[in-house]
A.B. asks: 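Just dropping this structure here.
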Amino acid sequence: MSWNVEIDPRQCIASGSCAAIAPDLFALDGSHARPLHNRIDEYERALDAADCCPALALTVRDGVEVIGPRP
């Protein structure tokens with residue numbers, strides 16, 4: 001099974017927390033972060049990155065269900 005990862009560029013403040021937690025999944029690209037892949041295998045660090053995003057710009061979905069950030 002795979003997940004979708006998205007970063008909303010309107011919310012992203014380029015803190016770099018996602019790239020620091022999961023550099024194999026996210027990169028800073030100018031004034032915003034971006035996912036290196038839109039679809040990934042299930043991977044706990046993607047959820048950790050979503051949880052740590054100070055702007056809540058990172059979303060992880062399993063199909064249509066939002067699974068990250070976690071409450």
A.B. asks: If you take all heavy atoms of Ala14 and Ser31, which pair is closest and at what distance?
C.D. replies: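 Between these two residues, the closest heavy atoms are CB-O, 3.3 Å.
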
A.B. asks: Between Arg70 and Glu44, does any NZ, NE, NH1 or NH2 come within less than 4.0 Å of an OD or OE carboxylate oxygen?
C.D. replies: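 Salt bridge present between Glu44 and Arg70.
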
A.B. asks: Please report the closest heavy-atom contact between Ser17 and Pro54, naming both atoms and the distance.
C.D. replies: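 The pair with the smallest heavy-atom distance is OG-CD, 3.6 Å.
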
A.B. asks: Linking I/L/V/M/F/W/Y whenever their side-chain heavy atoms sit closer than 4.5 Å, directly or via other members, would Leu28 and Ile7 fall into one cluster?
C.D. replies: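 In one cluster: no.
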
A.B. asks: Of all the heavy-atom pairs spanning Asn4 and Gly63, show the shortest one and how long it is.
C.D. replies: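 So the two residues come closest at ND2-O, 4.3 Å.
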
A.B. asks: Looking only at atom types and distance, does a side-chain atom of Arg45 sit under 3.5 Å from a main-chain N or O of Ile21, one as donor and one as acceptor?
C.D. replies: yes

A.B. asks: Find the distance between CG (Asn38) and CD (Glu6) and round it off to the nearest 0.5 Å.
C.D. replies: 8.0 Å

A.B. asks: Work out which heavy atom in Pro35 is nearest to a heavy atom in Phe26; give both atom names and the distance.
C.D. replies: CA-CD2, 3.8 Å

A.B. asks: Roughly how far apart are Ser2 OG and Arg61 CZ, rounded to 0.5 Å?
C.D. replies: 14.0 Å

A.B. asks: Any side-chain heavy atom of Asp62 sitting closer than 4.5 Å to one from Met1?
C.D. replies: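 Result yes, sub-4.5 Å side-chain heavy-atom pair found.
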
A.B. asks: Hey, does the side chain of Gln11 reach the backbone of Ala55 with a donor-acceptor pair shorter than 3.5 angstrom?
C.D. replies: yes

A.B. asks: Apply side chain to side chain contact (heavy atoms under 4.5 Å, CB included) to Leu47 and Ile67, showing your working.
C.D. replies: CA-CA 8 Å; Leu47 295 175; Ile67 57 172; 3.9 Å; yes

A.B. asks: State, to 0.1 Å, how close Pro23 and Ala20 come at their nearest heavy-atom pair, and which atoms those are.
C.D. replies: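 So the two residues come closest at CD-O, 3.8 Å.
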
A.B. asks: How many angstroms lie between CG in Leu36 and SG in Cys18, if you round to the nearest 0.5 Å?
C.D. replies: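 Between Leu36 CG and Cys18 SG, I get 9.0 Å after rounding to 0.5 Å.
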
A.B. asks: Specify the closest pair of heavy atoms between Pro69 and Ala50, including all atoms of both residues, with the distance to one decimal.
C.D. replies: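 Closest approach of Pro69 to Ala50, heavy atoms only: CB-O, 3.5 Å.
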
A.B. asks: Apply side chain to side chain contact (heavy atoms under 4.5 Å, CB included) to Val5 and Leu25, showing your working.
C.D. replies: CA-CA 9 Å; Val5 291; Leu25 299 178; 6.0 Å; no

A.B. asks: Within the structure provided, determine whether Val60 and Val66 are in side-chain contact (heavy-atom separation under 4.5 Å).
C.D. replies: no

